[in-house]
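Keep in mind the model is a prediction, meaning the values are calculated, not measured.
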Protein chains: 2
Amino acid sequence: MEQPGEIKKVSMAVIKRLPKYYKYLGELMRKNVERVSSQELSKILGFTASQIRQDLNNFGEFGQQGYGYNVSQLYTEIAKILGITTNHKMVVIGAGNLGQALANYTGFSIHGFDIIGIFDKNPNLVGRKINDIPIYPVEDMEYFINKNNVDIAVLTVPRDETESIVNRLTNTAIRGIWNFTPVEINIEDRDIVVENVHLIDSLLTLSYRINESWLQERLLKQKRKDKPFGHGKNTTYMVK
Amino acid sequence: MEQPGEIKKVSMAVIKRLPKYYKYLGELMRKNVERVSSQELSKILGFTASQIRQDLNNFGEFGQQGYGYNVSQLYTEIAKILGITTNHKMVVIGAGNLGQALANYTGFSIHGFDIIGIFDKNPNLVGRKINDIPIYPVEDMEYFINKNNVDIAVLTVPRDETESIVNRLTNTAIRGIWNFTPVEINIEDRDIVVENVHLIDSLLTLSYRINESWLQERLLKQKRKDKPFGHGKNTTYMVK
DNA sequence: TAGATTGTTAATCGATTAACAATC
DNA sequence: TAGATTGTTAATCGATTAACAATC
């Protein structure tokens, strides 16, 4: 039973769908579509209309019976929910290939995420600029973050340097870490949120699914062998 | 009721945990640990021991009562399940910042993923090499993929070029697309698996969670206003 | 043998889908 | 008003956790 004042935690499944709503409503806006029903959203997004209404009702009552949702109003509400009505300042830690690629990417600023500094330990890189963003010595990281109210640290350092950088970040006013390192980051009970990208996991998942049909053939054969006709607790017609 | 010969579909939740098992078992191997129980795995991985046993039993019976799991044997089994006992050939499509960063990354080949070619439409890039991998004209893409038995296409082209490239890929023998573009790829009933990275979604999710405590304050106030003392169907003690 | 730990069934929990009264 | 569509409760489905017999 929920207590007065207690807040229903929004599930990660819902949170992960929010960017999809946001993205598609943005498209509708650009097409000057004024209103949309959960039914219509359902067709494009592939979620059920019921789920869409449930999802949105976690955050408020944005629709109107018999009408549906006003596109631009809903778009704005979801932007608020995602926290992107104000700009976010980011720094990239690690000016390697990936760090440079992210610094060069222009797609973040459209949504109000501005990279204002890059940090690296390599003195040959310090002083240079990537996409007009200066590279600073990593020693200055904490000072820079606190002074400039940086919200998000984009972590693209090598595996071995991750732990020490994360420890240093916990002593700053940073709010979130966008982690591109393969390291599992654990920050105990502090106000810093970590979002892992884990590219290798993503690639392995792809590999699994490419491999899946072959795998299931193999599993099937194995089980047939384990539980042949009439033996075992399952009958022939129950090969699981 | 399952039919004979029918295969239980492994849920995405399980699949997404497989790389974690694989990664941690690799660590244990390097530490020369010989055996491990689901209990011990549970402590490190943060999944319950019960869940770990359930997950593994989707694919076979790899443990032994009273003993646990043999680390290197389980590692090998999971490698088989993930389909990484044989090498995978990859091509990068789009030699922009991200494409170049991925081509330069050395972490993929450790797991048997080899990038053997890069494709771009820019004639100034064609003929150059990134990390010893040649850049070819994108016209040659289909021929190259089929001739060299390429398994995976890493897609890092601009948004507008995605659709046409994907259409062309469906006419090749490619098995999987690792999609770094912001476009939602839909390939109807063909043998090609798509794994989306969608960095913007990941960043927006981070933003949501940074914003969450503020958001919940706001939601709470709103609900208090909507359903004041003694009014509405909920009592004061039922503020949801 | 006794202790440990699996594989697996059953119970629980949470998320999705269905249904429908409320109402624009 | 009649038709449409929401917000929300109830039903269903699926995933996680608990429990325990089997057995190393």
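- Atom CE in A:M12 sits roughly 21 Å away from atom P in C:dC13 (whole-Å rounding).
- Scanning atom types as modelled, one donor and one acceptor separated by under 3.5 angstrom connect the side chain of B:Q54 and the base of C:dT9.
- Side chains of A:E195 and B:S202: a donor-acceptor N/O pair is present below 3.5 angstrom, by distance only.
- Within the structure, every pair that satisfies the ring pair (Phe, Tyr, Trp, His ring centres under 6.0 Å) test and touches residues 158-183 of chain B, not counting sequence neighbours, is listed here: B:F108-B:W178, B:W178-B:F180.
- Below 30°, between 30° and 60°, or above 60°: for B:F113 and B:H88 the angle between ring planes is below 30°, a parallel geometry.
- Rounded to whole Å, the distance from CD on A:Q51 to C1' on C:dA19 is 16 Å.
- Between the CG atom of A:L56 and the P atom of D:dT6 there is a distance of 9 Å, rounded to whole Å.
- Applying the 3.5 Å distance criterion, the base of D:dA15 shares no donor-acceptor pair with the side chain of B:S11.
- Evaluation of the side-chain hydrogen bond (donor to acceptor under 3.5 Å, both in side chains) rule for B:Y24 yields no partner, not counting sequence neighbours.
- At the phosphate of D:dT6, OP1 or OP2 sits under 4.0 Å from a side-chain N or O atom of A:R53.
- Here A:E212 does not pair with A:R209 in a salt bridge; the nearest charged N to carboxylate O distance is not below 4.0 Å.
- When the C1' atoms of four end pairs are superposed on the next four at each end of the helix from C:dG3-D:dC24 to C:dC24-D:dG3, using five pairs per end, the two resulting axes differ in direction by 10°, to 10°.
- A:S38 and A:R53 are linked by a side-chain donor-acceptor pair at a separation below 3.5 angstrom, with hydrogens and angles left out of the test.
- We find that NZ of A:K16 is positioned 18 Å from C1' of C:dG14, with the value rounded to whole Å.
- One finds a salt bridge joining A:K80 and A:E77 here, because a Lys/Arg side-chain nitrogen approaches an Asp/Glu carboxylate oxygen to under 4.0 Å.
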Quick one, A:L199 with B:L102, criterion side chain to side chain contact (heavy atoms under 4.5 Å, CB included). Give me CA distance, side-chain angles, the key distance, then yes/no.
CA-CA 10 Å; A:L199 292 180; B:L102 293 171; 4.2 Å; yes
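- To the nearest angstrom, C1' of C:dG7 lies 12 Å from CG of B:N58.
- Under 4.0 angstrom from either OP1 or OP2 of C:dT16 there lies no side-chain N or O belonging to A:S50.
- Annotation: proximity of residues 64-72 of chain B to DNA chain D (heavy atom, distance under 4.0 Å) is found for B:Q64, B:Q65, B:G66, numbered in ascending order.
- Looking at A:D55 and A:R17, a side-chain N of the basic residue comes within less than 4.0 Å of a carboxylate O on the acidic one, giving a salt bridge.
- Between B:I52 atom CD1 and D:dA15 atom C1' there is a gap of 15 Å when expressed in whole angstrom units.
- In this structure, B:D201 does not pair ionically with A:K16, as no charged nitrogen and carboxylate oxygen lie closer than 4.0 Å.
- Cation-pi check for A:R35 over A:Y67 is met; the charged atom lies under 6.0 angstrom from the ring centroid and within 45 degrees of its normal.
- Rounded to an integer number of Å, the gap from CD1 of A:I15 to P of C:dT16 is 12 Å.
- A search for side-chain hydrogen bond (donor to acceptor under 3.5 Å, both in side chains) contacts involving B:N149 returns nothing, not counting sequence neighbours.
- Going from atom CD of B:Q73 over to atom P of C:dT6 covers 13 Å, rounded to whole Å.
- For DNA chain C, none of the residues of residues 27-47 of chain A falls under the heavy-atom distance limit of 4.0 Å.
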